[in-house]
Amino acid sequence: MDNDTGEADGNGAPTDFIRDIVRADLAAGRHGGVVTRFPPEPNGYLHLGHAKSICLNFGIAQEFDGRCHLRFDDTNPAKEEQEFIEAIQRDVRWLGFDWGDHLHYASDYFAQLFAWAEGLIEAGKAYVDDLPVDEMRAYRGTVTEAGRNSPFRDRDVAENLDLFRRMKAGEFPDGARVLRAKIDMASGNMNMRDPVLYRILHSAHPRTGTAWCIYPNYDFAHGQSDAIEAITHSLCTLEFADHRPLYEWLLENIAVPSQPKQYEFSRLNLSHTVLSKRRLTQLVDEGRVDGWDDPRMPTVSGMRRRGVPAAAVRDFISRLAITRNDGQVEMAMLEHCIREQLNVAAPRRMAVLRPLKVVIENYPEGKSEALVAQNHPGNPDMGTREIPFGREIYVERDDFMEDPPRKFFRLGPGREVRLRYAYFITCNEVIKDASGEVVELRCSYDPETKGGNAPDGRKVKGTIHWVSAQHAVPSEVRLYESLFNSEEVPGGDDFLDDINPNSLEVLPQVWLEPALAELSVGQTVQFERMGYFCADLSSKEDALVFNRALGLRDSWAKIKGKS
RNA sequence: UGGGGCGUAGCCAAGUGGUAAGGCAUCGGGUUUUGAUCCCGUGAUUCGCAGGUUCGAUCCCUGCCGCCCCAACCA
């Protein structure tokens with residue numbers, strides 16, 4: 001897994017309203033230092049939206065010489081799993097961030113949280129409610145109508161305490177009662193209408209096992225966890241802005257050790273894909289993709305498997321800017337960042353994806369020779385390698401046209417092209433099968449053009465890649481396109497109808513130059529003229545599999561498209 | 001119709017009283033043994049709309065319009 005170029009990401013120190021706040025707070029001496037946290041719920045894999053939050057939180061900690069905690073918001077055992085806890089840590093590390101010894105879990109604080117809840121009850125600020133879910137919903141009112149007080153709202157402290165402790169002791173079934181904060185059923189902010197703080201859930205927790213059968217919900221766990229860890233700036237996405245008054249209410253009404261502040265920024269939306277855990281989970285569970293790390297997934301693990309360098313993800317995020325605007329970033333922006341990293345880092349190789357056999361008639365039978373090729377034309381430090389050449393080679397089917405248009409610079413009857421790092425060849429004869437399909441080309445080469453230059457100074461317009469048939473190594477190659485057709489994927493369950501049926505194309509027999517057989521899993525190279533490719537996890541010595549991370553920019557496709 | 005947010009080029013976005021940065025995309029042109037890379041050039045008389053304040057407004061005020069989020073014992 002070493003796609004990282006080690007290059008500096010982006011350019012210049014990022015600036016945004018949150019960093020402005022941090023800077024001002026530090027300048028005013030409001031904190032000893034900045035402490036942030038990335039708080040994922042372990043109920044799925046991390047995606048690019050999380051990457052934005054990770055880069056923001058860890059990035060600020062780095063820039064201001066503070067620290068960033070990794071804290072699992074594991075308050076809902078019904079949905080959370082150990083597998084996700086591990087995958088998340090792997091992904092954060094791969095992105096290049098380190099939480100040091102600050103790996104925390106909201107579940108570490110269950111005992112403290114419980115004690116604080118008791119305190120709230122004693123202060124008359126929380127009560128146990130017996131209302132069934134649907135009734136509680138009815139009592140909550142609507143967005144335009146105030147709610148009504150629950151008939152259980154005025155239970156006395158002793159009864160509340162007793163009931164709450166019995167909830168903890170497991171005396172009641174799931175859903176029988178909840179603990180609620182006593183705030184204001186008429187608030188315009190739904191979150192302040194006596195929000196639920198604890199619910200009964202007889203469900204084993206990945207970390208605390210069966211020690212608990214009541215669990216705090218997000219609102220009761222998050223802010224207090226921040227306070228326990230002395231988080232200074234608690235950064236979250238915009239949909240939590242409405243929770244801020246509750247976040248603050250809890251911090252004011254509980255004797256917490258510190259007073260963190262919450263700030264919201266807009267979440268990332270990317271064209272041609274979905275960035276919601278619910279929908280990504282559905283794609284995985286319904287088998288629409290090959291798991292969370294399917295290279296078409298916008299997950300961190302999907303990017304990694306596809307061959308995208310972590311530096312490209314970081315660079316992409318750094319170009320986004322942190323704001324409160326809703327918007328959708330074009331996939332082209334991500335692709336640009338990927339190409340920029342890979343163009344510099346990826347060694348060049350040759351592979352023929354859709355083979356067409358070429359026999360070089362004037363090249364001696366049985367002869368072969370080693371030709372020298374650069375590993376990176378723009379970077380001599382990456383060295384050279386030898387590529388075997390012989391009488392029979394494969395070239396790309398798309399590099400031959402029987403009746404080529406004026407602007408086509410590749411092979412055609414009677415045309416001469418350069419074989420990259422090899423010789424000029426001229427097409428003399430086209431061989432077809434019974435159905436009229438071209439199956440082979442008969443060509444001649446010019447021995448004087450070895451290496452690719454003609455001593456007589458004559459030029460060719462096209463240079464194509466090739467692989468010696470005798471030495472070629474077979475491989476499977478998977479080409480990916482965007483998972484969804486629409487720039488803006490439709491909401492609801494309609495998103496499934498928008499799945500691109502051609503998002504995966506498997507090429508069963510691709511011919512590789514021999515050097516490619518030595519590539520280890522996770523390394524990304526450029527197949528010249530074809531794009532960037534990465535050896536897949538499933539790749540075996542005798543059954544190589546490559547994923548295309550991304551194609552090269554293709555101006556020929558545009559020219560062709562216009563005519 | 002309650003509460004909370006947001007509106008600067010196709011996309012992301014700086015600027016927040018002195019006359020519209022940058023990146024991506026697009027479209028031109030040059031270099032090139034990858035139609036890649038690289039290099040150069042290319043777009044807002046205008047900042048959601050309408051009024052107002054001001055010598056001057058994207059920036060201040062008023063009104064309007066549009067979009068997003070909130071009625072889980074999810075996070």
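First the proteins, then the strands, lettered A, B, ... as listed; each starts at 1.
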For the side chain of A:Arg410 and the base of B:rG35, is some donor closer than 3.5 Å to an acceptor across the two?
-> yes
Tell which nucleotide pairs with B:rA75, taking only Watson-Crick or G-U wobble pairs whose two distances are both under 3.5 angstrom.
-> none
Across the strands shown, which category fits A:Arg244 at heavy-atom distances under 4.0 angstrom: base, sugar-phosphate, nothing?
-> nothing
Which value, in whole Å, describes the distance between the P atoms of nucleotides B:rC69 and B:rU54?
-> 41 Å
In B/S/- notation (B base, S sugar-phosphate only, - none; protein heavy atoms under 4.0 Å), nucleotides 6-11 of chain B written 5' to 3' is SS--BS
B:rG10 -> Watson-Crick or G-U wobble partner, both distances under 3.5 Å, gives B:rC24
Applying the 3.5 Å cut-off to both distances, the Watson-Crick or G-U partner of B:rA50 turns out to be B:rU62
When all nucleic acid strands are considered with a 4.0 Å heavy-atom cut-off, which category describes A:Ser187: base, sugar-phosphate, or nothing?
-> nothing
Measure from the side chain of A:Ser555, starting at C-beta and using heavy atoms only, and say which of B:rU34, B:rG35, B:rC73 lies closest.
-> B:rG35
Exercise: do A:Glu83 and A:Tyr45 side chains pair donor with acceptor under 3.5 Å = yes
Sub-4.5 Å side-chain heavy-atom contact between A:Gln328 and A:Leu270 | no
Toward the 5' end of RNA chain B, which comes first, A:Thr449 or A:Glu80, by nearest nucleotide?
-> A:Thr449
G-U wobble or Watson-Crick pairing nucleotide for B:rU42 (cut-off 3.5 Å, both distances) | none
Please work out which of the three classes, parallel, tilted or perpendicular, describes the rings of A:Trp212 and A:Phe110, given edges at 30° and 60°.
-> perpendicular
Mind checking whether A:Tyr394 and A:Trp511 have parallel, tilted or perpendicular rings, split at 30° and 60°?
-> parallel
Give the rounded distance in Å between these two atoms: CD1 of A:Ile322 and P of B:rG23.
-> 20 Å
Distance-only donor-acceptor check, side chains A:Arg348 and A:His465, under 3.5 Å | no
State the syn/anti category of B:rA50 according to its glycosidic angle, syn meaning within 90° of 0.
-> anti
Assign each of A:Arg418 and A:Phe17 to its nearest nucleotide of RNA chain B by heavy atoms, then name whichever residue's nucleotide is nearer the 5' end.
-> A:Phe17
What about A:Arg339: does its side chain form a donor-acceptor pair under 3.5 Å with the base of B:rU37?
-> no
Evaluate whether atom CD of A:Glu488 has more than 12 neighbouring non-hydrogen atoms of other residues, nucleotides or ligands under 6.0 angstrom away.
-> no
Separation of atom NZ in A:Lys79 from atom P in B:rA72, rounded to whole Å | 13 Å
Look at the aromatic rings of A:Trp292 and A:Phe84 and report parallel, tilted or perpendicular, splitting at 30° and 60°.
-> perpendicular
Rounded to whole angstrom units, what separation is found between the CE atom of A:Met136 and the P atom of B:rC74?
-> 10 Å
Identify which nucleotide among B:rU34, B:rA75, B:rC73 has an atom closest to any side-chain atom of A:Arg348, counting heavy atoms from C-beta outward.
-> B:rU34
Spacing of A:Trp556 atom CH2 and A:Arg410 atom CZ [to the nearest 0.5 Å] = 6.5 Å
Measure from the side chain of A:Phe240, starting at C-beta and using heavy atoms only, and say which of B:rC73, B:rA75, B:rU37 lies closest.
-> B:rA75
Which part of the nucleic acid, if any, lies within contact of A:Arg553, taking any heavy atom under 4.0 Å across all strands shown: a base, the sugar-phosphate backbone alone, or nothing?
-> sugar-phosphate
Distance between the C1' atoms of B:rC39 and B:rG4, in whole angstroms?
-> 49 Å
Which nucleotide in the list B:rG35, B:rA71, B:rC74 gets nearest to the side chain of A:Glu41?
-> B:rC74
Looking at every strand, decide which applies to A:Tyr215 at a 4.0 Å heavy-atom threshold: base, sugar-phosphate, or nothing.
-> nothing
What nucleotide, of B:rC24, B:rC70, B:rG35, holds the atom closest to the side chain of A:Met190?
-> B:rC70
Picking from B:rA75, B:rG35, B:rC70, which would you name as closest to the side chain of A:Trp556?
-> B:rG35
Hey, is the side chain of A:Glu145 pairing donor to acceptor with the base of B:rU1 inside 3.5 Å?
-> no
Same-atom distance (C1') from B:rC27 to B:rG43, integer angstrom = 10 Å
Name the orientation class of the two ring planes belonging to A:His243 and A:Tyr218 (parallel below 30°, tilted from 30 to 60°, perpendicular beyond 60°).
-> perpendicular
